[in-house]
Asks: 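Below: one structure in structure tokens.
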Amino acid sequence: MKRVAFVFTQPPHGSAAGREGLDALLAMSALTDEIGVFFISDGVLQLLPHQQPDLILMRNYIATFGVLPLYDVERCYLCRSSLQRRGIPENTNWVLDVELLTPDAWRSALNTYDAVLTF
């Protein structure tokens, strides 16, 4: 089976990209165990805890990232440089267990996948 990577680059709640990417990720998890999830740029904001999307009348889908291990999705990576550029501490209590990678390590890990879907 092919290895599939999901790359989140967009912030949450400003568009449907994050929610649609998560829905696609959950659907794909029924087809393969070879899934990697990558967060870069504003996509790192997808995993911030204590978001309150209801204040802007949006659905709170962020907590759903936390159930990915139940779907056997365990390879999740966060770009360390993207955090630094946004002033987000590395020791944040993310909604999902992630491995922090430098940009070079992040790209190397991403290159091991056969297909890349970007949201």
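Model, not experiment: these values are computed from the prediction. Just so it is clear, the values below take in all heavy atoms, side chains as well, and ignore hydrogens, waters and symmetry mates.
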Asks: With sequence neighbours left out, what residues match Leu26 under side chain to side chain contact (heavy atoms under 4.5 Å, CB included)?
Replies: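 Applying side chain to side chain contact (heavy atoms under 4.5 Å, CB included) to Leu26 gives Leu22, Thr64, Leu68, Tyr71.
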Asks: I'd like to know whether Lys2 forms a side chain to side chain contact (heavy atoms under 4.5 Å, CB included) with Thr32, so could you lay out the CA-CA distance, the side-chain angles of the two residues, the decisive distance to 0.1 Å, and finally the verdict.
Replies: CA-CA 8 Å; Lys2 287 191 174 198; Thr32 181; over 6 Å; no
Asks: Decide side chain to side chain contact (heavy atoms under 4.5 Å, CB included) for Phe65 and Val67; before the verdict, give the C-alpha distance in whole Å, the side-chain angles of both, and the deciding distance to 0.1 Å.
Replies: CA-CA 5 Å; Phe65 278 110; Val67 303; over 6 Å; no
Asks: What residues, two or more places apart in sequence or in another chain, satisfy salt bridge (Lys or Arg N to Asp or Glu O under 4.0 Å) together with Asp104?
Replies: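 Per chain and number, Asp104 pairs via salt bridge (Lys or Arg N to Asp or Glu O under 4.0 Å) with Arg107.
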Asks: Please answer: with hydrophobic residues joined when any side-chain heavy atoms are less than 4.5 Å apart, are Val7 and Leu47 in the same cluster?
Replies: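 In one cluster: no.
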Asks: Find out if a path of hydrophobic residues (ILVMFWY) with successive side-chain heavy-atom gaps under 4.5 Å connects Leu83 to Leu45.
Replies: yes
Asks: Show me the pairs that pass salt bridge (charged side-chain N to carboxylate O under 4.0 Å, His left out) and involve residues 109-119, at least two apart or across chains.
Replies: none
Asks: Show me the donor-acceptor pairs within less than 3.5 Å that the side chains of residues 94-101 make with the rest of the protein, sequence neighbours left out.
Replies:
residue, atom, partner, partner atom, Å
Trp94, NE1, Thr92, O, 3.3

Asks: Output all residues satisfying side-chain hydrogen bond (donor to acceptor under 3.5 Å, both in side chains) with Gln52, sequence neighbours left out; order by chain, then residue number.
Replies: none
Asks: What residues, two or more places apart in sequence or in another chain, satisfy side chain to side chain contact (heavy atoms under 4.5 Å, CB included) together with Ser108?
Replies: none
Asks: Of all the heavy-atom pairs spanning Ala24 and Phe119, show the shortest one and how long it is.
Replies: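 Nearest heavy atoms, Ala24 then Phe119: CB-CZ, 4.0 Å.
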Asks: For residues 7-33, pull every pair meeting salt bridge (charged side-chain N to carboxylate O under 4.0 Å, His left out), keeping only residues two or more places apart or in separate chains.
Replies: none
Asks: Ser81: which residues meet the side chain to side chain contact (heavy atoms under 4.5 Å, CB included) condition with it, sequence neighbours left out?
Replies: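 By the side chain to side chain contact (heavy atoms under 4.5 Å, CB included) rule, Ser81 matches Cys79, Arg85, Pro103.
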Asks: Can you tell me how far the CD1 atom of Ile35 sits from the CE atom of Met28, to the nearest 0.5 Å?
Replies: 6.5 Å
Asks: Would Ile62 and Val73 show up in the same hydrophobic cluster when neighbours are defined by side-chain heavy atoms closer than 4.5 Å?
Replies: yes
Asks: Can you list every pair that meets salt bridge (charged side-chain N to carboxylate O under 4.0 Å, His left out) and has a residue in residues 65-78, with sequence neighbours left out?
Replies: Glu34-Arg75
Asks: Quick one: do Leu31 and Val116 end up in the same hydrophobic cluster if we chain Ile, Leu, Val, Met, Phe, Trp and Tyr together by side-chain heavy atoms under 4.5 Å apart?
Replies: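 No, no single cluster joins them.
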Asks: What residues form a ring-ring contact (aromatic ring centres under 6.0 Å, His included) with Phe38, not counting sequence neighbours?
Replies: Tyr77, Trp106, Tyr113
Asks: Working to the nearest 0.5 angstrom, can you tell me the gap between Leu25 CG and Cys76 SG?
Replies: 8.0 Å
Asks: Below 30° counts as parallel, above 60° as perpendicular, anything between as tilted: where do the rings of Phe8 and Phe39 land?
Replies: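 Parallel.
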Asks: Sort and list the pairs that fulfil side-chain hydrogen bond (donor to acceptor under 3.5 Å, both in side chains) and have at least one residue in residues 39-49, not counting sequence neighbours.
Replies: Ser41-Arg86, Asp42-Arg86, Gln46-Tyr61
Asks: Would you please name every residue forming a side-chain hydrogen bond (donor to acceptor under 3.5 Å, both in side chains) with Gln51, sequence neighbours left out?
Replies: His13
